[in-house]
Amino acid sequence: MDHKTIWNEAAAAAYDTPGTGMFDPALLTQTVDRLAELAEGGAALEFAIGTGRVAIPLRECGIAVSGIEIAAPMLAKLREKATEAEIPVVLGDMTEATVPGQFSLVFLVFNGISNVLTQAEQVACFRNAARHLSPGGRFLIELWVPDLRRLPPGQGATVFATEPGYIGLDTVDVLNQIVVSHHFRFGDGPQAELFRSPHRWVWPAELDLMAQLAGFDLESRHADWQGAPFTAESRSHISVYRLKG
């Protein structure tokens, strides 16, 4: 499995959930407000821009936004909502694709860096962000914290969500830091629909070292978009790295 093929036409068509989940208006407002603050009036570049969940409202706030997207079906959904002139996007891999111009902010939200499945490629993602930034520019990453405390010794999977008609299950390769998320959706019949996606987990400290290798310093880390303190119990983080200038 790789994310270029996972995000096919069917997955792209089902991605947007207006008003709920990651499309919750309050969450989007907090996200966009923070990104606009960090951009400081300059242009922003989104890695893994997807269908424009964040890029479109950020542009509506007056920030010029460009993007990189690996999956053509996801970009096609974005194009139903914004033109190339409004939000320019390069179809390619965020570890190496280049976008014309220079930016004050590069951002990669909703666990996007975990879609990159090797450490070397994750470092390349940082280096590509650095190439696009003006001196002193920022790279923001939103990422989950590995929750290995939920994985008893000898057990290779954990259930991360249950609700009517849905079960979420993670299978864990501890040695290689790979998690495969399995999303089972079902109705009253005996059959279930399965969507799977692989991820490489990254500890915050490992992420910080990747940043140093690419010429960044950690500027801030919070537990959420509202700026809550990051603690040992935090299950995700918003980390902002500043390019040495």
Side-chain angles (χ1 to χ4, degrees), residues 1-18 20-23 27 31 45-56 66-82 87 89-97 99 106-126 128-129 141-147 156-163 165-187 191-202 207 210 236:
M1 291 184 291
D2 67 77
H3 285 270
K4 186 175 182 179
T5 55
I6 287 170
W7 296 105
N8 56 24
E9 286 79 4
Y15 187 78
D16 289 5
T17 56
T20 64
M22 60 181 165
F23 286 84
L27 174 61
T31 303
L45 172 62
E46 182 172 8
F47 285 0
I49 194 171
T51 66
R53 178 182 71 95
V54 174
I56 291 173
S66 299
I68 296 174
E69 174 55 47
I70 198 170
M74 297 291 279
L75 179 53
K77 296 299 291 185
L78 169 59
R79 285 289 164 256
E80 294 176 5
K81 297 175 277 185
I87 302 180
V89 178
V90 170
L91 185 63
D93 191 322
M94 63 187 173
T95 64
E96 60 183 6
V99 176
V106 177
F107 61 98
L108 180 52
V109 295
F110 202 65
N111 309 318
I113 198 165
S114 72
N115 295 347
V116 181
L117 299 180
T118 70
Q119 185 185 71
E121 290 174 313
Q122 288 175 336
V123 172
C125 191
F126 272 89
N128 199 28
I141 289 179
E142 178 187 15
L143 186 62
W144 49 278
V145 177
D147 194 8
T158 62
V159 175
F160 64 81
T162 59
E163 58 188 58
Y166 173 77
I167 294 175
L169 180 86
D170 281 339
T171 54
V172 185
D173 178 348
V174 176
L175 180 62
N176 294 301
Q177 294 182 213
I178 297 293
V179 169
V180 179
S181 294
H182 304 70
H183 304 269
F184 297 91
R185 301 187 185 278
F186 50 89
Q191 302 298 319
E193 182 180 278
L194 170 63
F195 178 81
R196 295 185 298 162
S197 60
H199 305 270
R200 183 182 189 270
W201 79 67
V202 193
L207 207 67
M210 292 180 184
S236 63

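The two residues Ile87 and Ala82 make their nearest non-hydrogen contact at CD1-CB, 3.9 Å. Smallest separation of non-hydrogen atoms from Lys4 and Asp2: N-OD1, 3.0 Å. Between Val159 and Thr162, the shortest heavy-atom contact is CG1-CG2, 3.5 Å. The minimum heavy-atom distance between Val90 and Ala97, with the atom names listed, is CG1-CB, 4.2 Å. Of all the heavy atoms in Ser197 and Ile6, the pair that sits closest is CA-CD1, 4.0 Å. Closest approach of Val99 to Gly67, counting heavy atoms only: CG2-O, 3.9 Å.
Separation of atoms CE (Met74) and NE2 (His3) is listed at 11.0 Å; rounding is to 0.5 Å. Atom-to-atom distance recorded for Ile56:CD1 and Leu78:CG is 5.5 Å, nearest 0.5 angstrom. The distance from the CD1 atom of Ile167 to the NE2 atom of His182 is 12.5 Å, given to the nearest 0.5 Å. Atom OG1 of residue Thr5 and atom CD1 of residue Ile70 lie 9.0 Å apart, to the nearest 0.5 angstrom.
Annotation: side chain to side chain donor-acceptor pair (under 3.5 Å) contacts of Glu96 (sequence neighbours excluded): none. Legend: residues meeting side chain to side chain contact (heavy atoms under 4.5 Å, CB included) with Val123, ordered by chain and number and at least two apart, are Arg127, Met210, Leu213. Judged as a ring-ring contact (aromatic ring centres under 6.0 Å, His included), and not counting sequence neighbours, the contacts of Phe195 are Trp7. Thr17 pairs by the side chain to side chain contact (heavy atoms under 4.5 Å, CB included) definition with Thr20, Phe23, not counting sequence neighbours. For the ring-ring contact (aromatic ring centres under 6.0 Å, His included) test, residues two or more places apart in sequence or in another chain that qualify with Phe160 are His183. For Leu175, the side chain to side chain contact (heavy atoms under 4.5 Å, CB included) partners two or more places apart in sequence, or in a different chain, are Asp173. Applying the side chain to side chain contact (heavy atoms under 4.5 Å, CB included) rule to Ala13 yields no partners; only residues at least two apart in sequence or on another chain are considered. The salt bridge (charged side-chain N to carboxylate O under 4.0 Å, His left out) search around Arg200 returns Glu206, not counting sequence neighbours.
Side-chain N or O atoms of Asn8 include none that pairs as donor or acceptor with a backbone N or O of Pro73 at under 3.5 Å. With Asn128 contributing its side chain and Met94 its backbone, the two residues share a donor-acceptor pair below 3.5 Å.
More than 12 heavy atoms of other shown residues, nucleotides or ligands fall within 6.0 angstrom of atom CD in Glu163.
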List the atom pairs, with distances to 0.1 Å, where a side-chain N or O of residues 106-118 and a protein N or O form a donor-acceptor pair under 3.5 Å, not counting sequence neighbours.
| from | atom 1 | to | atom 2 | distance (Å) |
| --- | --- | --- | --- | --- |
| Asn111 | OD1 | Trp144 | N | 2.9 |
| Ser114 | OG | Asn111 | O | 2.7 |
| Ser114 | OG | His199 | ND1 | 3.2 |
| Asn115 | OD1 | His199 | ND1 | 3.1 |
| Thr118 | OG1 | Glu121 | N | 3.1 |
| Thr118 | OG1 | Glu121 | OE1 | 3.0 |

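Using a 4.5 Å heavy-atom cutoff, the side chains of Trp201 and Leu143 are not in contact.
Within the structure, the salt bridge (Lys or Arg N to Asp or Glu O under 4.0 Å) test picks out the following pairs touching residues 69-82 (sequence neighbours left out): Asp16-Lys81, Lys77-Glu80, Arg79-Glu84.
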**Asked** Which is it for Ser236 and Glu142 under the side-chain contact (heavy atoms from CB on, under 4.5 Å) test, yes or no, and what are the steps along the way?
**Response** CA-CA 7 Å; Ser236 63; Glu142 178 187 15; 5.8 Å; no
